[in-house]
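Before any comments, here is the structure.
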Number of protein chains: 2
Amino acid sequence: MSNAEEQTGPPTAGTLAHRVPDLGALELLLAVARLGSLGGAARELGITQPAASSRIRSMERQLGVALVDRSPRGSKLTDAGALVTDWARRIVEAAEAFDVGAQALRDRRDSRLRVAASMTIAEYLLPGWLLALRAQRPDTAVSLHAGNSTVVAERLLSDEADLGFVEGLTVPTGLDSVVIAHDRLIVVTAPGHAWSRRRRPLEASELAKTPLLLREKGSGTRQVLDAALGGLARPLIELSSTTAVKAAAVSGAGPAVLSELAVGEELAMRRLVSVPVEGVALARDLRAVWPTGHRPTGPARDLLSLTRG
Amino acid sequence: MSNAEEQTGPPTAGTLAHRVPDLGALELLLAVARLGSLGGAARELGITQPAASSRIRSMERQLGVALVDRSPRGSKLTDAGALVTDWARRIVEAAEAFDVGAQALRDRRDSRLRVAASMTIAEYLLPGWLLALRAQRPDTAVSLHAGNSTVVAERLLSDEADLGFVEGLTVPTGLDSVVIAHDRLIVVTAPGHAWSRRRRPLEASELAKTPLLLREKGSGTRQVLDAALGGLARPLIELSSTTAVKAAAVSGAGPAVLSELAVGEELAMRRLVSVPVEGVALARDLRAVWPTGHRPTGPARDLLSLTRG
DNA sequence: ATTACTCATAAACCCAGCTTATGTCGCCAT
DNA sequence: ATGGCGACATAAGCTGGGTTTATGAGTAAT
């Protein structure tokens with residue numbers, strides 16, 4: 001069926017999944033890189049040596065690049081293979097974060113550590129913490145519930161969660177807290193936007209009177225911004241997730257105000273540029289919270305200690 | 001075969017690839033999130049609606065979490081689904097970087113822009129640049145060759161490359177250059193290490209007399225460190241790739257000296273901690289280079305302009 | 001030479017995901 | 001109300017990529 005139209009060959013054909021090897025193959029490549037042997041890597045992943053051999057070969061065919069130098073006494077990465085392996089590692093690391101997060105979403109019932117966290121924290125910080133926790137306490141089953149500050153407080157107070165994380169300006173009553181990190185909201189635009197070429201920092205008043213891409217009212221981010229500007233933030237569009245705001249900003253729809261955490265990668269890749277602002281307090285604390293008096297112990301304490309640094 | 005021993009169920013069974021949906025499924029999920037419709041997402045990816053439906057369903061089964069709320073007039077993400085989608089986006093973005101990099105490694109011949117870059121730059125910076133370039137000039141075929149400064153210079157001077165990137169202390173003769181970014185070498189250890197709890201910055205002399213995890217002699221990183229310490233860096237082990245050094249450091253083998261670029265993620269995830277150092281100049285410039293006189297034009301100029309910010 | 005590694009090849013199998021063909025539900029316009 | 005149109009679900013059959021088992025072939029060290 002799909003032979004007729006794409007007779008030109010595979011350079012830029014099909015979707016991402018067709019051009020990028022699947023996770024199994026990438027894991028295998030990492031194992032080969034580490035162990036210096038196809039057979040060894042196969043053993044580690046619990047498959048047979050011919051399976052590994054064939055899989056690496058088909059990955060090389062797919063990419064059009066030789067990845068490993070085979071010899072009768074082992075396999076070593078090609079120069080190109082080393083580069084590909086490093087890029088592959090990023091994918092696998094993202095997959096590990098996904099995995100640990102998804103597991104926490106599922107466990108729900110019988111978990112020893114029940115965490116409630118705000119969206120931004122759950123999205124950007126928690127997977128890393130959970131990976132670290134798994135590394136030092138492999139058998140701690142964690143469950144995660146994401147929601148705004150109010151929800152986090154409710155779950156803690158009704159003993160549905162052992163430890164919470166919030167990002168608001170105030171700590172809900174009935175909870176003790178400790179600051180674990182700082183976050184700043186920053187103004188970002190697509191690289192083409194006029195603001196991206198500004199010399200002088202933006203004035204608060206300019207920011208207040210310019211229509212912005214914003215999260216809906218009620219989100220932690222929006223609260224902080226409204227407070228900083230005196231309730232004056234003017235929406236160009238209101239979107240329902242950080243991600244939607246980012247996407248709109250990247251596509252040039254206008255300037256957006258987002259957590260530093262959320263746009264780190266986009267800034268590094270220059271899909272967005274940061275616009276300096278002066279005269280506005282856009283910093284906010286990220287806090288771990290727990291019911292007043294009930295200092296975290298056991299697994300909750302372990303996790304908490306990972307989040308401070 | 002593998003049924004007998006793992007009758008406990010899927011909580012933490014199998015390898016990563018068994019617990020994480022494949023790229024196709026993740027792309028599909030992102031499309032569903034964006035379009036608010038299974039059928040629409042299916043159309044966008046060039047598959048049929050039942051295929052999309054079944055794939056999302058099996059992803060939900062695999063993760064043990066409901067991801068989308070289906071209704072006769074569209075599909076919307078669950079709360080958990082929104083979180084999963086955000087984590088999925090990270091994987092897909094890493095895959096895009098992989099893809100654009102791998103394509104550049106292959107093209108070789110008929111490409112309009114031939115780039116030669118040092119390992120660190122090719123590893124961490126180039127994929128982002130290439131994605132940005134593809135976004136604004138979709139039909140620029142790029143080929144990439146990675147090697148040390150000497151190799152980059154050779155390729156430029158023999159007209160095998162149009163634009164180069166180097167990270168050494170000096171610019172090879174015969175080349176013009178412009179600084180595009182700054183990098184620092186930093187001292188890192190696993191979180192457990194004694195140095196990770198230091199109050200006062202490390203003295204250069206302490207660093208020089210402590211055995212370190214290092215790249216082999218001849219690497220750009222090693223050169224800068226040796227120069228900064230006066231040729232005195234003392235190896236605990238010499239490893240052949242940045243990655244190997246990182247892995248050793250993470251596993252607690254000892255302190256390592258690595259590019260800031262290389263350890264950004266590990267620091268963010270607290271798999272490594274940075275140890276402040278004083279009295280040593282560990283900064284270095286990253287430069288774009290080209291044959292003296294031949295100012296970059298066309299695609300090379302496009303790429304160059306993306307790298308400055 | 002024998003042994004012990006390595007990787008490659010060949011044939012048979014199995015399952016995940018695809019398509020085509022249909023069914024069901026809710027909304028909207030006539 | 002009643003078609004019609006959108007959405008998603010279900011069922012049956014096909015295909016291909018990845019697997020295993022079983023072998024072959026090269027190198028190195030004993």
Side-chain angles (χ1 to χ4, degrees), chain A residues 1-6 10 14-29 31-63 66-78 81, chain B residues 1-6 10 14-29 31-63 66-78 81:
Chain A
M1 305 290 161
S2 60
N3 293 338
E5 61 263 42
E6 50 145 291
T15 152
L16 202 53
H18 296 138
R19 288 180 316 228
V20 177
D22 65 56
L23 273 172
L26 298 179
E27 278 188 283
L28 177 62
L29 180 62
V32 170
R34 184 155 28 82
L35 301 173
S37 147
L38 291 189
R43 242 169 283 131
E44 181 170 282
L45 300 192
I47 60 177
T48 53
Q49 171 267 320
S53 178
S54 126
R55 211 158 183 198
I56 294 281
R57 186 170 294 288
S58 76
M59 180 160 41
E60 290 177 313
R61 213 163 1 93
Q62 179 181 23
L63 299 178
L67 299 174
V68 309
D69 273 335
R70 293 121 166 114
S71 91
R73 55 181 221 287
S75 294
K76 221 176 134 319
L77 290 181
T78 303
Chain B
M1 307 296 154
S2 60
N3 293 339
E5 62 262 43
E6 49 147 291
T15 149
L16 202 53
H18 296 139
R19 289 179 315 226
V20 176
D22 63 56
L23 272 173
L26 299 179
E27 277 188 283
L28 177 61
L29 180 63
V32 170
R34 184 155 29 82
L35 301 173
S37 146
L38 291 190
R43 242 170 285 129
E44 181 171 282
L45 300 192
I47 61 177
T48 53
Q49 172 267 320
S53 178
S54 126
R55 208 154 187 202
I56 294 280
R57 186 169 295 288
S58 77
M59 180 161 40
E60 289 177 313
R61 211 163 2 95
Q62 179 181 23
L63 299 178
L67 299 174
V68 308
D69 273 335
R70 293 117 167 118
S71 90
R73 54 182 221 289
S75 293
K76 221 178 133 321
L77 288 181
T78 304

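What you see is a predicted model; the values in this text were computed from it and never measured. To find a chain, count down the sequence lines: A is the first, B the second, and so on, and within it residues start at 1.
Shown here are the side chain to side chain contact (heavy atoms under 4.5 Å, CB included) partners of B:A25, two or more places apart in sequence or in another chain: B:P21, B:D22, B:R55, B:M59. For A:R57, there are no side chain to side chain donor-acceptor pair (under 3.5 Å) partners two or more places apart in sequence or in a different chain.
Remark: side-chain polar atoms of B:E27 are not paired, donor with acceptor, to backbone N or O of A:T15 under 3.5 angstrom.
A distance of 8.0 Å separates CG in A:L23 from CG in B:L26, rounded to the nearest 0.5 Å.
Applying the side-chain hydrogen bond (donor to acceptor under 3.5 Å, both in side chains) test to pairs two or more places apart or on separate chains, those with a residue in residues 67-76 of chain B are B:E60-B:R70.
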Check residues 37-51 of chain A and write down every donor-acceptor pair under 3.5 Å in which the side-chain atom is one partner and the other belongs to a residue at least two apart or another chain.
unit_1	atom_1	unit_2	atom_2	d
A:S37	OG	A:G39	N	3.3
A:S37	OG	A:G40	N	2.8
A:E44	OE1	A:R34	NH1	3.3
A:E44	OE2	A:R34	NH1	3.2
A:E44	OE2	A:R34	NH2	3.0

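A nucleotide of DNA chain C counts as in contact with chain A when one of its atoms lies under 4.0 Å from a heavy atom; the first and last such, 5' to 3', are C:dT6 to C:dT9.
Shown here for B:L28 and B:I56, the closest heavy-atom pair between the two residues is CD2-CG1, 3.8 Å.
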task: Take nucleotides 4-19 of chain D nucleotide by nucleotide from the 5' end and write B, S or -, depending on whether a protein heavy atom sits under 4.0 Å from the base, only from the sugar-phosphate, or from neither.
output: ---SBBB-------SB
